[in-house]
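Computed from a predicted structure; not experimentally measured. Whatever order the structure lists ligands and atoms in, that order sets their numbers, starting from 1.
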Amino acid sequence: MLRALAETFVSGGEAVRLADHLIETIASLPRRSDREEIARLLQLLESRTMNLVLAGSALPFTAMSHAQRERYLGAWATSRVPLRRKAFQGLKRMATVLYYTARTPTGEPNPSWARLGYPGPLGPPPATPKRITPYSIANDGTLQCDVVVVGSGAGGGVVAGELAARGLNVVVLEKGGYYNEADFSHYEGETLSRLYDGGGLLTSEDLAMIVLQGSCLGGGTVVNYTTSFRTPDAVREEWAREHDLPHFTTAEYTRALDAVSERLGVTTEAQRPSERDVAMLRGLDSLGWHHAPLPRGVRGCPQDGQCGYCGFGCRPGAKQSTLITYLQDAYDRGARLIVDTLVRRVVVESGRAVGVEAVVRYPQGPRPFRLTVRARAVVVAGGSVHSPALLLRSGVELPALGRHLALHPGGAVFGLMPDAVRPWTGTVQAHYSDQFADLDHGYGFKFETIPVHPSLFALAVPWESRQQHADAMAQLDHTSLVAVLVRDREGGRVTVDGDGQPIISYRLSPYDARHLRRGLAEAARVLEAAGARAIWTPHMRTMGYKPDGSAAPRDAWAAALDRAGFGPNQVQLATFHQMASCRMGANARTAVVTPEHQVWGVPGLYVADASTFPTSSGVNPMLTIMAMAHRAAGAIAAGL
Ligand SMILES: Cc1cc2nc3c(=O)[nH]c(=O)nc-3n(C[C@H](O)[C@H](O)[C@H](O)COP(=O)(O)OP(=O)(O)OC[C@H]3O[C@@H](n4cnc5c(N)ncnc54)[C@H](O)[C@@H]3O)c2cc1C
């Protein structure tokens, strides 16, 4: 059945053993209910009765001709029934992404890349020595420490570094593995499964939102694009005023921003534009719209062709991830960093957090080990999806827990350019535009560009037939994009299933959808002004136009976008920034943590990551997370 699906979506799947990859991927999905749902779907596709009802053909899917299968799946892509669109998306995403990112069994380059003009890895990784030796667990057991930190990303890394600097005995537990420059193979499939949560296939429950987040020692800071905006003054004032958190406007918070900026070497000097940025700047200039160089947390960034591979880990070690900065500081001061270790539960005794229970699962290990860490303080920093899930699994009961999840929903407009852009190359991102950042009380959208490798392109390119998808993919090297990052006002929610796995529910509100729609329309103008020959959005059917110098084609296209809709699985959306699901606030009714990052009503339990944002930040969040974590470290140390 999976082989039949693979052959329907792409040709040549056997060369990379696509059906085997599909089986492995489905088997590795963290939620049992997702695995069961796919199994049911596959049975459904083989059912004669169901196919008679759904497609007017009493043949099992595997017995249909290729043309029949294409028609069958194509009808699901734009079905009015949300469940069919969801099923189509799930299958299309897995089949196309795995096909364009897999390695052949013999390690040869993926045969599909030649047609894309995509070179794959830029040679072998450097032989950079490992500067950290993770603390190794060889048996079930218990460790003691002052502070145990769960998660090692932007928040957890800073807390660990700052507390170790104060002489405290720190243990960091990270569910991902430890990889350094020598492991950054540039193979997209391998990178997604090693460094990204859920192998890069994590989504909201309805599959409408692709959720990209790092999961490795260093968390999101290892894979992120180095953009390091300070918390905007207007947002600081808003959080102080509307959430009763006056510290955001104080010199103390400014000092925290200064300290983390200094440690990361944040600069606007590393601004050599990629070809994507060049196109965006050309368009913005010709429209007379705002743009500026991005502040970036890098030291010695080469800003060359390889920088587009930054999302797979930075080989030159220029990206100032927590792995290179705060975690290294913590390690050098004696902190124990334990990887491949999933924290299942916070242990609360007599109302106070006293430690955590975890499972250590080394990829090559003989068996999983049970680890308990007893501590005077527990800091949860698993990110905005996993932190609320861990607190929910641990029995924390607060009305706001898991709610208000903000995602900065990201859309994009793609443009076919006259010359090669090679959108996977060049400085990862170096320029942005705030022309529409404040459309309504600080809500609006930013323009940025991001590197586009085959997986992202395979997700974006609509699938109407195997040939049409393959032909559109072949335009990758001449394609540029303008990404639209919406500051979302209405949130989603994280809950847990019966096994304690997080479930992400998120529906774009009409308010936020209006900003997204406007963003796509304005981004199209930028690409048009930049000289794009054809412009399209990642809707479920090809939605594009060819500019002719007048507004007419664009207006007709915008009207068609409205007809196609912005609902779940009608347009492809992704989130790179998850926030606010354990938000900070002045009381336990509306917030999860106090202004000092302690979980309301549970002494000894703290949260220090993006989940503590009161709302979405409107700017790429890393530096804000770090500044808040920096300040949290002071409060936690004072509490001990
Ligand atoms: C591709 C990409 C590009 C990005 N680019 C930028 C950018 O340029 N600028 C910017 O500001 N932001 C960027 N971001 C976002 C930024 O990286 C994140 O917002 C930030 O890393 C979040 O920090 P955090 O501490 O909340 O969580 P994370 O950094 O995600 O860290 C959480 C860590 O906790 C671990 N964990 C979770 N649960 C458990 C558990 N139960 N037990 C043990 N460990 C656990 C996870 O494996 C993970 O490593 C980008 C993100 C991505 C994915």
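On a distance-only criterion, Thr227 and ligand 1 share at least one N/O pair closer than 3.5 Å. Considering both main-chain and side-chain atoms, Glu174 comes within under 3.5 Å of ligand 1 through a nitrogen or oxygen pair. Considering backbone and side-chain atoms alike, Leu212 places every N or O at 3.5 Å or more from each N or O of ligand 1. Of the polar atoms of Ser611, none of the N or O atoms is found under 3.5 Å from an N or O of ligand 1, judged by distance alone.
By the 4.0 Å heavy-atom criterion, Leu173 is counted among the residues contacting ligand 1. The closest approach between Val619 and ligand 1 stays at or above 4.0 Å for every heavy atom of the residue. At a 4.0 Å cut-off, at least one heavy atom of Tyr196 sits close enough to ligand 1 to count as contact.
Annotation for ligand 1: atoms under 4.0 Å from non-hydrogen atoms of Thr341 are 42 (N), 43 (C).
Using a cutoff of 4.0 Å between basic side-chain nitrogens and carboxylate oxygens, Arg361 and Asp340 are not scored as salt-bridged.
By the criterion of a heavy-atom distance under 4.0 Å, neither the backbone nor the side chain of Ala629 is placed next to ligand 1.
For the pair Pro614 and Arg583, the tightest heavy-atom approach, listed with the atom from each and the gap, is O-CD, 3.5 Å. Ser274 and Thr425 get closest at one heavy-atom pair: CB-O, 3.7 Å. Nearest heavy-atom pair across Gln303 and Gln271 is OE1-N, 3.2 Å.
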